[in-house]
Amino acid sequence: MAKKELKEMSFLDHLEELRWLLVRSSAAVLIMAFVTYFVSDYLFETIIFGPTRPTFFTYRFFCDLSHQLGFADSICIKELPFIIQNTLMEGQVNMFVWMCILAGFILAFPYILWQIWGFISPALYEKEKKNARLFIFVSSLLFFLGVLFGYFIVIPMSVNFLATFTVSDMVKNQFTLESYIGMFKTSVIAGGLFFELPIIIYFLTKLGLVTPEFLRKYRRYAIVIVLIVAAIVTPPDVVSQTIVAIPMLIIFELSVIISSIVYKIKIKNEQLS
């Protein structure tokens, strides 16, 4: 299979293409951030601060689940004993701007992927270039699923654990706005990027940097890491830890399967060439 002949590009040409990729991607993020400005009340009151209220969807889901499993109110959230305070004069302005940018990045993510695909496509085979729409769709879907996982699972579990953990009754939890927003940003972005693992493994396998044998060899360590993360961000009960750990383990196993398929195709093509 031959690659499409392309005009040789110098190192500076590649840098120029990369610069325009960053410019166009940044512009898309800023445009979408400006759009979110018009729904900022909903963004902050309902979405960002939603996990701070006992009526949040995840808390109600776990409460209903505990009743169905016969655990009564053992994992029901009746109150979250903490307040969020601002300690900097420019604190609320900064957080407002950064959360709009975060929302802009999430909304613009498919366009950013399209820009990245345009940058790397000259190095791909003609058949691979035709998969642009599939790549963007699957990558965007995985990213949005990861963001939802971070928002509906990781954030409320973290908030519940940190709000109820105390070393003494003398100490009251008063979290700063920067601390809460920082945890929020980390959770949704980390969730989105983690769910991109199958795509990353796909390209690493094609480049020969990762093999399915390598992933299988270190599977046990990956499982231990996932369980540790699940234990850290969830209350000390098996149900919560399982709900957090299962999606992460599925993503890892999916990455192993993808790596195995890509590796077999790569070996077959090398034997035919």
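We're numbering straight along the sequence, starting at 1.
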Tell me which donor-acceptor pairs under 3.5 Å the side chains of residues 248-259 have, and how far apart each pair is, sequence neighbours excluded?
unit_1: E253; atom_1: OE1; unit_2: R219; atom_2: NH2; d: 3.2
unit_1: E253; atom_1: OE2; unit_2: R219; atom_2: NE; d: 2.9
unit_1: S255; atom_1: OG; unit_2: I251; atom_2: O; d: 2.9
unit_1: S259; atom_1: OG; unit_2: T205; atom_2: OG1; d: 3.0

*With clusters built from Ile, Leu, Val, Met, Phe, Trp and Tyr whose side-chain heavy atoms come within less than 4.5 Å, directly or transitively, what are the remaining members of the cluster of M170, listed by chain and number?*
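None, because no other hydrophobic side chain comes under 4.5 Å of this residue.
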
Counting distance only, does the side-chain N/O of [X] pair as donor-acceptor with the main-chain N or O of [Y] below 3.5 Å?
X	Y	result
S168	V171	no
Y59	K78	no
S179	T176	no

Check for me, please, whether [X] and [Y] land in the same ILVMFWY cluster - side-chain distances under 4.5 Å, paths through other members count.
X	Y	answer
L113	F203	yes
L177	I83	no
L43	L148	yes
F144	L142	yes
I47	V35	no

Distance (rounded to the nearest 0.5 Å) between [X] [atom1] and [Y] [atom2]:
X	Y	atom1	atom2	answer
I261	K266	CD1	NZ	15.5 Å
I199	L193	CD1	CG	12.5 Å
M99	F184	CE	CZ	4.5 Å
I181	N94	CD1	CG	11.5 Å
I101	K185	CD1	NZ	9.0 Å
E79	T164	CD	OG1	10.0 Å

What pair of heavy atoms forms the shortest contact from [X] to [Y], and how long is it?
X	Y	value
M95	F44	O-CZ, 4.0 Å
P54	R60	O-CG, 4.4 Å
I84	Y180	CD1-CG, 3.8 Å
G150	P156	O-CD, 4.5 Å
R216	S260	NH2-OG, 3.5 Å
L21	I116	CD1-CA, 3.8 Å

Under the side-chain hydrogen bond (donor to acceptor under 3.5 Å, both in side chains) rule, what pairs show up with a residue in [range], not counting sequence neighbours?
range	value
residues 18-39	E16-R19, E16-W20, R24-Q115
residues 40-51	E45-R53
residues 139-157	none

_Intermediate values then yes/no, side chain to side chain contact (heavy atoms under 4.5 Å, CB included), K268 and I265_ = CA-CA 5 Å; K268 183 178 179 180; I265 295 175; 5.6 Å; no

_Pairing residues for E90 by the salt bridge (Lys or Arg N to Asp or Glu O under 4.0 Å) criterion, not counting sequence neighbours_ =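 For E90, no residue satisfies salt bridge (Lys or Arg N to Asp or Glu O under 4.0 Å) once neighbours in sequence are set aside.
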
*When the aromatic ring centroids of F175 and F82 are compared, is their separation below 6.0 Å?*
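Yes - the distance between ring centres of F175 and F82 falls below the 6.0 Å cut-off.
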
*Decide if atom CZ of F34 counts as having more than 12 heavy atoms of other residues, nucleotides or ligands within a radius under 6.0 Å.*
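No.
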
_Could you check whether atom CD of Q92 has more than 12 heavy atoms from other residues, nucleotides or ligands sitting under 6.0 Å from it?_
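Result for CD/Q92: open.
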
*Any idea how F143 and F109 line up, ring-wise: parallel (<30°), tilted (30 to 60°), or perpendicular (>60°)?*
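F143 and F109: parallel rings.
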
*Kindly assign one of parallel, tilted or perpendicular to the pair Y218 and Y221, based on the angle between their ring planes and the thresholds 30° and 60°.*
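Taking Y221 first and then Y218, their aromatic rings sit tilted (interplane angle of 30° to 60°).
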
_Applying side chain to side chain contact (heavy atoms under 4.5 Å, CB included) to M183 and V159, what does each step give before you reach the verdict?_
CA-CA 9 Å; M183 182 273 296; V159 168; 3.5 Å; yes

*When you look at F152 and F56, which way does the side chain to side chain contact (heavy atoms under 4.5 Å, CB included) test go after all the steps?*
CA-CA 9 Å; F152 284 106; F56 187 63; 3.9 Å; yes

*Steps toward side chain to side chain contact (heavy atoms under 4.5 Å, CB included) verdict (I77, F62)*: CA-CA 9 Å; I77 308 298; F62 275 102; over 6 Å; no

